[in-house]
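Below is one structure; the comments refer to it alone.
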Number of protein chains: 2
Amino acid sequence: MTKDIEQRLKNKNINPTAMRLLVLDFLMQQNTAISLNDLEKGMGPSDRITLYRTLKTFEEKGLVHHIDGGTGTTKYALCLEECDSDHHHDLHVHFYCNNCKETFCLPNTKNPEITLPKKFRSEEMNLVIKGVCDLCNPD
Amino acid sequence: MTKDIEQRLKNKNINPTAMRLLVLDFLMQQNTAISLNDLEKGMGPSDRITLYRTLKTFEEKGLVHHIDGGTGTTKYALCLEECDSDHHHDLHVHFYCNNCKETFCLPNTKNPEITLPKKFRSEEMNLVIKGVCDLCNPD
DNA sequence: ATAATGATGCAATGCTATTGCAATGTTCAT
DNA sequence: ATGAACATTGCAATAGCATTGCATCATTAT
């Protein structure tokens, strides 16, 4: 098992240290995007800054991506698509539940095509939809 | 002139104080969304917190909207559509220029329709495209 | 005139993100 | 094995934005 996780790090050219294995393992258990705080609470006692840098390293190497979408705090989630250091394929839409405050990746959605005004060139796109998620929806 | 601005405040049920007239006047001169810092620098000497609360009041009353889009700082711009206290018509897309760091409203764009997974209900949408704006584009 | 309400200004705080630096661990050539 | 070079970690500290509490001043209604 640990081998899998280790290999996943190596595939991305990330040195598989103990801390990183733990963080990746934790991330793989999540089904929502998590904040640095969530990570800190979820893991055993560990240094916040180290976790911060671990996430940053993961992101640089294309293992996780972060979502900003106006919740005040940055959230992180494992990349589902094949990303690499150069190109983050921010292809999917994110969803923030106003009720449970969770942020979800919606891997089955695609970022839409937007026609920009003349001479505007698009490089990336951040689309966050806010509303009520399936678990919080009474219907 | 001042009459116009004053009326615009009254239309939104905002008490037209001197400070508010100044802030609205300043906002009307902008063609990009501005941060609290921009506002503070752009206006004469005035209290940062008062400006903060002025923007907040404006937003509550549907006169301005804010954009979050992952630039770290919140930016504000006048509402172009008809918004009211209850419903902010966040209908248009925003654009952040990686070069000049300005945030633009793109009033001629519409937020796209996204098909959400079952039982997800959308309430609002925040779409920020990052890239290079017309003025920074060499072509 | 006075009470009540709203607006402003100052002080202070909380929180997230971020950097500097020292200590520790790891790798590799000799 | 030894030491140099480098990567990782942990602690301390800082920066910056957002936000609240409270006192003061202005405005309005009675």
Side-chain angles (χ1 to χ4, degrees), chain A residues 5-6 9-10 12-27 33-61 63-77 85 96 101 103 126 128, chain B residues 5-6 9-10 12-27 33-61 63-77 85 96 101 103 126 128:
Chain A
I5 304 180
E6 193 175 332
L9 288 174
K10 285 182 179 166
K12 297 287 184 182
N13 270 312
I14 303 170
N15 214 339
T17 67
M19 174 98 296
R20 287 168 181 174
L21 289 172
L22 286 174
V23 171
L24 177 52
D25 185 45
F26 185 80
L27 284 173
I34 62 170
S35 68
L36 180 55
N37 265 333
D38 298 333
L39 180 60
E40 194 183 6
K41 282 171 195 153
M43 307 261 310
S46 39
D47 181 51
R48 182 185 183 78
I49 286 84
T50 301
L51 295 175
Y52 168 73
R53 277 191 271 225
T54 302
L55 287 174
K56 217 171 168 184
T57 303
F58 282 6
E59 186 170 22
E60 279 165 11
K61 300 293 188 172
L63 187 57
V64 308
H65 62 281
H66 77 265
I67 307 110
D68 266 331
T71 69
T73 58
T74 308
K75 304 230 184 171
Y76 300 84
S85 324
Y96 175 76
K101 316 296 182 197
T103 300
N126 196 334
V128 180
Chain B
I5 303 180
E6 194 175 332
L9 287 174
K10 285 181 180 168
K12 297 287 185 182
N13 270 312
I14 302 170
N15 212 340
T17 66
M19 173 99 297
R20 287 169 180 173
L21 290 172
L22 287 173
V23 172
L24 178 52
D25 184 45
F26 184 81
L27 284 173
I34 62 170
S35 67
L36 179 56
N37 265 334
D38 298 334
L39 180 60
E40 193 183 8
K41 282 173 195 152
M43 307 262 310
S46 38
D47 181 52
R48 182 184 182 78
I49 285 84
T50 300
L51 295 174
Y52 168 74
R53 278 191 270 226
T54 301
L55 287 174
K56 217 172 169 184
T57 303
F58 282 7
E59 185 171 22
E60 278 164 13
K61 300 293 188 173
L63 187 58
V64 308
H65 62 281
H66 77 265
I67 307 108
D68 265 330
T71 70
T73 58
T74 309
K75 304 229 185 172
Y76 300 85
S85 324
Y96 174 77
K101 315 297 182 197
T103 300
N126 195 334
V128 179

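None of the values given here were measured: they were computed from a predicted structure. Sequence lines set the chain letters: A, B, ... in the order given, protein chains first and strands last, and positions in each chain run from 1.
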Please state how far atom [atom1] in [X] lies from atom [atom2] in [N], giving the value in whole angstrom units.
{"X": "B:Asn15", "N": "C:dT5", "atom1": "CG", "atom2": "C1'", "result": "11 Å"}
{"X": "B:Met19", "N": "C:dA7", "atom1": "CE", "atom2": "P", "result": "13 Å"}
{"X": "A:Asn37", "N": "C:dG14", "atom1": "CG", "atom2": "C1'", "result": "12 Å"}
{"X": "B:Glu60", "N": "C:dA7", "atom1": "CD", "atom2": "C1'", "result": "14 Å"}
{"X": "B:Leu55", "N": "C:dT8", "atom1": "CG", "atom2": "C1'", "result": "15 Å"}
{"X": "A:His66", "N": "C:dT18", "atom1": "NE2", "atom2": "C1'", "result": "14 Å"}
{"X": "A:Arg53", "N": "C:dA17", "atom1": "CZ", "atom2": "C1'", "result": "12 Å"}
{"X": "B:Ile14", "N": "C:dG6", "atom1": "CD1", "atom2": "P", "result": "15 Å"}

- Task: Inspect the contact between A:Glu6 and A:Lys10 and indicate whether a charged nitrogen and a carboxylate oxygen are less than 4.0 angstrom apart.
- Result: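 So A:Lys10 pairs with A:Glu6 through a salt bridge.
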Are the side chains of [Y] and [X] in contact, using a 4.5 Å heavy-atom criterion?
{"X": "B:Leu55", "Y": "B:Leu27", "value": "yes"}
{"X": "A:Phe58", "Y": "A:Leu9", "value": "yes"}
{"X": "A:Leu63", "Y": "A:Ile14", "value": "yes"}

Between B:Glu59 and B:His65, is there a side-chain donor-acceptor contact under 3.5 Å, judged purely by atom types and distance?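 No pair is found: no donor N or O on one side chain lies under 3.5 Å from an acceptor on the other.
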Exercise for review: Mind listing the closest non-hydrogen atom pair of B:Met19 and B:Met43 along with its distance?
Suggested key: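 In this case the closest contact between B:Met19 and B:Met43 is CE-CE, 4.1 Å.
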Respond yes when some side-chain nitrogen or oxygen of [X] is under 4.0 Å from OP1 or OP2 of [N], and no when none is.
{"X": "B:Thr50", "N": "C:dG9", "result": "yes"}
{"X": "B:Arg20", "N": "C:dT8", "result": "yes"}
{"X": "A:Lys56", "N": "C:dT19", "result": "yes"}

Quiz item: Which residue, A:Ile49 or A:Thr57, contacts DNA chain D at a nucleotide closer to its 5' end, judged by nearest heavy atom?
Solution: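 This one resolves to A:Thr57.
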| Closest to the A:Arg48 side chain, choosing from C:dC10, C:dT19, C:dT16 |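 The answer is C:dT16, which lies nearest to the side chain.
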Report task. Look at the side chain of A:Leu36 and decide which nucleotide, out of C:dA17, C:dG9, C:dT8, has an atom nearest to it. Result ->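 For the A:Leu36 side chain, the nearest candidate turns out to be C:dA17.
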What distance do B:Arg20 atom CZ and B:Asp25 atom CG have between them, rounded to the nearest 0.5 Å?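 These two atoms lie 16.0 Å from each other.
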Select from A:Tyr52 and B:Thr54 the residue whose nearest nucleotide in DNA chain C is closer to the 5' end of that strand.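 It is B:Thr54, whose closest nucleotide lies nearer the 5' terminus.
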Hey, does B:Thr74 reach any base, or is it just sugar-phosphate, or nothing, if we go heavy atoms under 4.0 Å?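 Sugar-phosphate contact only - B:Thr74 comes under 4.0 Å of backbone atoms but never of a base.
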Item to check | Span of DNA chain D, from the first to the last nucleotide whose atoms fall under 4.0 Å of chain B heavy atoms | outcome: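 Nucleotide range in contact with chain B: D:dC17 to D:dG21.
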